[in-house]
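Below: the structure, in structure tokens.
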Amino acid sequence: MRSLSIAASGMLAQQTNVDVIANNIANMNTTAFKRQRPEFEDLLYEQVSRPGAATSADGTRVPAGIQLGSGVRAAGVYRVLEQGATTESKSKFDIAILGQGYFRIALPNGEVAYTRSGAFKLSDQGEVVTTDGYRVQPDITIPNGATDVSISPTGLVQVKLADQVQLQDVGQLDLATFVNEAGLEALGSNLFQETEASGQPTVANPGQPGFGSLKQGYLEASNVNPVAEITALISAQRAYEMNSRIVKTADEMLATTTQLR
């Protein structure tokens, strides 16, 4: 009985749906987290009677036919890239991106990763790094004895030294954009890496056409909507229950069949 396998595929699909919702809710307070959305597609159909098949020599044809589906599967889990709200942190090295773009991060293996989380710190050498100690690209070092740090919306980093009146330039932050941001590979720790699906990055200074601007002393919050996630969770639970009911009904029908004499 095909209904058993069809309902089982529906239960597996809803389990994936619940897993995605659980991850969204778990990351409600993760800086710059982008919620995910699963998408599903139907499986192959058995063509019992093909639409348009001839039914007589006079040219009459089947208007709809009989096509029996075999279930559902998860086609992909996509990242919803809408801007998260900005929250004030008052830390000089917290930077929110307003608009498109990712910070470039140097990994220990020499590769480059990308992040929208601007929760940066200083290393023991005065370098601007992530919370895991990875250097922000281009390398920016804050001189020892700097009394203030200013980061402009266009990414220019300036410091004020104790014995100087004028601000001193120490670096320029840039941003990277991708043709298909959803194609980036998530590495964890708020980091992403380019793939063939994302395309190669385009790098420019903040504020350029197609690139966001920076806001010092702020962080981008997660774009997870808890009410929407709870509603989706209830819907997924009901769908799972209905599929499990189909399994139970199909089992009862098979039991009735085996008891026939």
*Apply the test salt bridge (charged side-chain N to carboxylate O under 4.0 Å, His left out) to residues Glu220 and Arg116: give CA-CA distance (whole Å), side-chain angles for both, the deciding distance (0.1 Å), then the verdict.*
CA-CA 8 Å; Glu220 181 184 5; Arg116 283 188 63 90; 3.0 Å; yes

*Ser117/Thr115 under side-chain hydrogen bond (donor to acceptor under 3.5 Å, both in side chains): CA gap, chis, key distance, verdict*: CA-CA 5 Å; Ser117 174; Thr115 185; 4.7 Å; no

*Mind running side chain to side chain contact (heavy atoms under 4.5 Å, CB included) on Val128 and Arg135 for me, showing each step along the way?*
CA-CA 6 Å; Val128 179; Arg135 290 179 290 107; over 6 Å; no

_Show, in sequence, the C-alpha distance, side-chain angles and deciding distance for Gln36 and Asn23, and conclude whether the side chain to side chain contact (heavy atoms under 4.5 Å, CB included) test is met._
CA-CA 8 Å; Gln36 293 178 296; Asn23 187 59; 3.4 Å; yes

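If you chain together hydrophobic residues whose side chains sit under 4.5 Å apart, Val18 and Val224 fall into the same group. Met11 and Met253 fall within a single hydrophobic cluster, where Ile, Leu, Val, Met, Phe, Trp and Tyr are joined by side-chain heavy atoms under 4.5 Å apart, directly or via other members. In this structure, Ile230 is a member of the same hydrophobic cluster as Ile21, with clusters built from ILVMFWY side-chain heavy atoms closer than 4.5 Å. Residue Phe192 is not grouped with residue Ile97 when hydrophobic side chains (ILVMFWY) are merged at heavy-atom distances under 4.5 angstrom, including chains of intermediate members. Cluster membership for Ile140 and Phe120, using ILVMFWY side-chain heavy atoms within less than 4.5 angstrom, is shared.
The shortest side-chain heavy-atom distance between Leu214 and Leu98 does not fall under the 4.5 Å cut-off. Contact check for Gln83 versus Asn223: no side-chain heavy atoms found under the 4.5 Å cut-off. Using a 4.5 Å heavy-atom cutoff, the side chains of Pro226 and Ile25 are not in contact. Using a 4.5 Å cut-off on side-chain heavy atoms (C-beta onward), Lys215 and Ile95 make no contact. You'll find the side chain of Gln100 stays beyond 4.5 Å of the side chain of Phe211, heavy atoms only. By the 4.5 Å heavy-atom criterion applied to side chains, Leu156 and Ile151 are not counted as neighbours. By the 4.5 Å heavy-atom criterion applied to side chains, Leu107 and Leu191 are counted as neighbours. In this structure, the side chains of Ile142 and Val149 come closer than 4.5 Å at one or more pairs of heavy atoms.
Within a 6.0 Å sphere centred on OH of Tyr240, other residues, nucleotides and ligands contribute 12 heavy atoms or fewer. With a 6.0 Å radius and a threshold of 12 heavy atoms from other residues, nucleotides or ligands, Lys160 has its NZ atom above the threshold. The 12-atom threshold is exceeded at CD of Glu252, counting heavy atoms of other residues, nucleotides or ligands nearer than 6.0 Å. Within 6.0 Å of CG on Asn29 lie no more than 12 heavy atoms contributed by other residues, nucleotides or ligands.
The distance from the CG atom of Asn24 to the CG atom of Asp19 is 11.0 Å, given to the nearest 0.5 Å.
Donor-acceptor pairing under 3.5 Å is lacking for the side chains of Glu185 and Gln193. Side-chain contact annotation: Ser89 with Ser91, donor-acceptor N/O pair under 3.5 Å absent. Of the N and O atoms on the side chains of Asn17 and Gln14, at least one donor lies less than 3.5 Å from an acceptor on the other residue. At a cut-off of 3.5 Å, with distance as the only test, no side-chain donor of Gln172 or Asp174 sits close to an acceptor on the other residue.
Pairing each heavy atom of Ser9 with each of Ser70, the nearest pair is OG-O, 4.3 Å. When all heavy atoms of Ala7 and Val247 are compared, the pair lying nearest together is CB-CG2, 3.5 Å. Arg37 and Val20 make their closest contact through N-CG1, 4.3 Å (heavy atoms, listed as atom of the first residue, atom of the second, distance). When every heavy atom of Thr141 is checked against every heavy atom of Val170, the shortest pair comes out as O-CB, 4.0 Å. A pairwise comparison of heavy atoms in Glu194 and Leu184 identifies CA-CD2, 3.8 Å as the closest pair.
Without hydrogens or angle criteria, Thr195 side chain to Ser198 main chain gives a donor-acceptor distance under 3.5 Å. Within the 3.5 Å criterion, the main-chain N or O of Thr231 finds no donor-acceptor partner in the side chain of Ser235. A side-chain donor-acceptor contact under 3.5 Å links Asn243 to the backbone of Ala239. Here the side chain of Asp169 pairs no donor or acceptor atom with the backbone of Gly171 at under 3.5 angstrom. Side-chain N or O atoms of Asp132 include none that pairs as donor or acceptor with a backbone N or O of Tyr134 at under 3.5 Å.
Salt bridge Lys34/Glu82: absent, no basic N to carboxylate O contact under 4.0 Å. Between Arg73 and Glu41 there is a salt bridge, since a side-chain N of the basic residue sits under 4.0 Å from a carboxylate O of the acidic one. The pair Asp148-Lys92 meets the salt-bridge criterion, since a charged nitrogen lies less than 4.0 angstrom from a carboxylate oxygen.
Tyr102 meets the ring-ring contact (aromatic ring centres under 6.0 Å, His included) test with no other residue; sequence neighbours excluded.
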